[in-house]
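Structure below; questions to follow.
All residue numbers refer to positions in the sequence shown, counting from 1.
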Amino acid sequence: QVQLVESGGGLVQAGGSLRLSCAASGRTFSTYAMGWFRQAPGKEREFVAAITWSDNRQDYADSVKGRFTISRDNAKNTVYLQMNSLKPEDTAVYYCAAAFTLNMVRAGVVDSWGKGTQVTVSS
């Protein structure tokens, strides 16, 4: 199983930016896609973005398209989520996930989850 550690969360004003990082380690051989989810208080976890290690294919939830950008550094086994134009509605715990395919990330069928990092957007 892949171990995932998120970092970069914090408090930011509406309209501001934040960059999250997810460092992957351990057994990564069968993990070909990575993604980000978020969960706000009282709500279910929802898909945010995903990316493949091999060809940089990307997928985004409609709610963040145009504002968030997912990227990866294969040499560092690290995935990033650049969040711009943040809104109070983006406030949530953000979780990193690893899966076999991009579609499996979107579906939440993942091999590993990180423990999450809190993002709070104030108005």
Give the C-alpha distance, both sets of side-chain angles, the deciding distance and a yes or no for side chain to side chain contact (heavy atoms under 4.5 Å, CB included) between Met34 and Val105.
CA-CA 7 Å; Met34 302 284 290; Val105 175; over 6 Å; no
Kindly give the heavy-atom pair with the smallest separation between Trp113 and Gly108, and that separation in Å.
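Scanning both residues completely, I find the closest heavy atoms to be CZ2-O, 4.2 Å.
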I'd like to check the side-chain contact (heavy atoms from CB on, under 4.5 Å) partners of Arg57; sequence neighbours left out, ordered by chain and number.
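Arg57 satisfies side-chain contact (heavy atoms from CB on, under 4.5 Å) with Thr52, Asp55, Leu102 once adjacent residues are dropped.
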To check you understand the geometry: which heavy-atom pair defines the closest contact between Gln118 and Ala92, and what is its length?
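Smallest heavy-atom distance, with atoms named: NE2-O, 3.4 Å.
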Closest contact, heavy atoms only, Val110 versus Ala97
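Looking at all heavy atoms of both residues, the closest pair is CG1-CB, 3.7 Å.
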Honestly curious: do Leu18 and Val93 fall in one hydrophobic cluster under the side-chain, below-4.5 Å linking rule?
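Looking at the clustering, Val93 is in a separate group from Leu18.
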Over all atoms of both residues, closest heavy-atom pair of Val119 and Gly9
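Shortest heavy-atom contact: CG2-CA, 4.2 Å.
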Side chain to side chain contact (heavy atoms under 4.5 Å, CB included) between Val121 and Lys87, worked out:
CA-CA 6 Å; Val121 184; Lys87 307 174 182 179; 5.5 Å; no
Mind checking what makes side-chain contact (heavy atoms from CB on, under 4.5 Å) contact with Ala61, not counting sequence neighbours?
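Ala61: side-chain contact (heavy atoms from CB on, under 4.5 Å) contacts with Phe47, Ser63, Val64.
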Are Val79 and Met104 connected in the hydrophobic side-chain network, where two residues link if heavy atoms are under 4.5 Å apart?
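As far as the 4.5 Å side-chain criterion goes, Met104 and Val79 are not connected within one cluster.
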Mind checking whether Tyr94 and Phe68 have parallel, tilted or perpendicular rings, split at 30° and 60°?
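The rings of Tyr94 and Phe68 sit tilted, inter-plane angle from 30° to 60°.
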Does Asn84 have any side-chain hydrogen bond (donor to acceptor under 3.5 Å, both in side chains) partners at least two apart in sequence or in another chain, and if so, which?
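Partners of Asn84 under the side-chain hydrogen bond (donor to acceptor under 3.5 Å, both in side chains) test: Ser17, Gln82.
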Which heavy atom of Arg67 sits nearest to which heavy atom of Leu86, and what is that distance?
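Heavy-atom minimum between the residues: NH1-CA, 3.9 Å.
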Closest heavy-atom pair and its distance - Asp73, Trp53:
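Distance-wise, the nearest heavy atoms are O-CZ3, 4.1 Å.
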Working for salt bridge (charged side-chain N to carboxylate O under 4.0 Å, His left out), residues Arg38 and Glu46
CA-CA 5 Å; Arg38 65 187 183 186; Glu46 65 176 350; 2.7 Å; yes
Among all residues two or more places apart in sequence or in another chain, which pass the salt bridge (charged side-chain N to carboxylate O under 4.0 Å, His left out) test with Asp62?
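For Asp62 the salt bridge (charged side-chain N to carboxylate O under 4.0 Å, His left out) partners, ignoring immediate neighbours, are Lys65.
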Sequence neighbours excluded, which residues qualify as side-chain hydrogen bond (donor to acceptor under 3.5 Å, both in side chains) partners of Asp59?
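Asp59 satisfies side-chain hydrogen bond (donor to acceptor under 3.5 Å, both in side chains) with Arg106 only.
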I'd like to know if the side chain of Tyr80 reaches the main chain of Thr69, judged simply by a donor and an acceptor atom lying under 3.5 Å from each other, with no hydrogens or angles considered.
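Flag not set: sc Tyr80 to bb Thr69 has no pair under 3.5 Å.
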Euclidean distance, Thr78 OG1 relative to Arg72 CZ, rounded to 0.5 Å:
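Going from CZ on Arg72 over to OG1 on Thr78, the span is 12.0 Å.
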Which pairs, with at least one residue in residues 12-115 and sequence neighbours excluded, count as a disulfide (SG to SG under 2.5 Å)?
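Non-adjacent pairs meeting disulfide (SG to SG under 2.5 Å): Cys22-Cys96.
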Worked verdict on Met83 versus Leu20 for side chain to side chain contact (heavy atoms under 4.5 Å, CB included):
CA-CA 8 Å; Met83 304 183 293; Leu20 306 183; 3.7 Å; yes
Would a 4.5 Å heavy-atom cut-off, applied to side chains only, mark Gln1 and Asp111 as touching?
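A side-chain contact exists here, since the closest heavy-atom pair is under 4.5 Å.
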Tell me whether Phe37 shares a hydrophobic cluster with Ile51, the cluster being built from Ile, Leu, Val, Met, Phe, Trp, Tyr side chains joined at under 4.5 Å.
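Shared cluster, no.
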Please lay out, stage by stage, how Leu4 and Tyr95 fare under the test side chain to side chain contact (heavy atoms under 4.5 Å, CB included).
CA-CA 9 Å; Leu4 305 173; Tyr95 298 90; over 6 Å; no
